[in-house]
Asks: 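Below is one structure. I have some questions about it.
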Amino acid sequence: MPEDFIVTPWEVSGDIDYSELIKRFGTKPLNQPLIDKITKAAGKDHMFLRRGLFFSHRDMDLWINDSEKKKKVYLYTGRAPSGPVHIGHLIPWMFTKYLQDAFKAPLLFQIPDEEKFVFKDGLSLEDTHKWAMDNILDIIACGFDPKITDIFLDTEYSKTMYKEAMKVGKHITFSTAKAVFGFKNENNLGEIFYTCMQSVPAFLPSIREKTNTFCLIPHAIDQDPHFRVTRDVAPKLGYPKPCAIHTKFLPGLGAKDSKMSASHPETCIFTTDDAKAVQTKVGKTFTGGCDTVEKQKKQGGNPDICTVYQYHYYLFEQSDKDLKDRYKKCKAGKLLCGNCKGDLVNYVNKFLKKHQENREKAKKKIKEFLIRD
Ligand code: SF4
């Protein structure tokens, strides 16, 4: 029987059951006691934790324990460039920024500019490099502290990366790579080796600090297979297993059950979209509303199946009280989809205006962040 949903580093499809995914991947649910522990240690809460956008983890508690003992802890996240950044990409970065501010943790931001080159047809290394330099502006625009943030491209930081990647590679057999990633005879060697490069930044904190140092990787759950391999290799190299915290995916805009995908521009809001594009995309988004205004006023809408509501819930309606009001009014037929979409358009455009200003300023800051060797 075919699986009802698929989540791999290269494919996300179907109606994802996140509890089932936790079982399949063998991660742990991010339960309330751990959310409370993170919040207490951070000294402030975060909407993504409160609203369940981050839902799963591996050893996040160990990372927090070390930070509570005043030991140095690191963060690591990344972006494989192949096109423009959309707001779904920003979610782990925004959360990483919260953690960096709260824990004063140094951040390694990997840009594997070879990944999409080896995995996708039609993209040259020059293309991925061009997108890397574009995407860096979005990364810097998130507001990371340049004093404790290093951004690097794999092809430009290769003197440091390659040596360590080879050490990782020596501990991964081809049969493990096949079992974890489903590689076949048709896969090229670049694809098979790639996971070694993605592993390295998880160990760089221990190498840099010359002592075992925990590294936390906030990332979308589809990347977990890479880090499962990294965690298996870590003790063999004498390093602690990296910790991770996982985010769900935002639904795509447009038709019901669409997935947010940069290959389908109508399903995502790019960080460079203008106000009109946002209005058009949100305007075409699936809602839980009725066919007619009269019917909706009488029967109410259904926020539980509504994509617009999910955007308010996970990202844009910051006040819990206003979110509750929106839910109640929708159910009672006192809020119409046109107005609700209008509110979302306003929130998104306000957010993008600020982000685009920061993106412009980032052009002058690249040198403060980018490391090469
Ligand atoms: Fe969705 Fe808003 Fe319409 Fe309710 S009013 S169904 S939350 S768009």
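When a ligand or atom number is given, it counts from 1 through the structure's own listing order. Quick note: numbers below take in every heavy atom, side chains included, and nothing from hydrogens, waters or symmetry partners.
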Asks: Under 3.5 Å, is there a donor-acceptor pair between the Q100 and D145 side chains?
Replies: no
Asks: How are the rings of F183 and F119 set relative to one another: parallel (under 30°), tilted (30 to 60°) or perpendicular (over 60°)?
Replies: parallel
Asks: Which residue, V180, V229, T230, forms the side-chain contact (heavy atoms from CB on, under 4.5 Å) with I172?
Replies: V229
Asks: Among all the protein's non-hydrogen atoms, which is closest to atom 2 (Fe) of ligand 1, and how far away is it?
Replies: C340 SG, 2.4 Å
Asks: With atoms numbered from 1 as shown, which atoms in ligand 1 lie under 4.0 angstrom from a non-hydrogen atom of G289?
Replies: 6 (S)
Asks: Give the atoms of ligand 1, by number and element, whose distance to some non-hydrogen atom of C306 is under 4.0 Å.
Replies: 1 (Fe), 6 (S), 7 (S), 8 (S)
Asks: Go through ligand 1 atom by atom and flag the ones less than 4.0 Å from a non-hydrogen atom of C330.
Replies: 4 (Fe), 5 (S), 6 (S), 7 (S)
Asks: Are a donor atom and an acceptor atom from the side chains of S124 and D127 found within less than 3.5 Å of each other?
Replies: yes
Asks: For atom 3 (Fe) of ligand 1, what's the nearest protein heavy atom and its distance?
Replies: C337 SG, 2.3 Å
Asks: Ring centroid separation for F109 and W93, is it under 6.0 angstrom?
Replies: yes
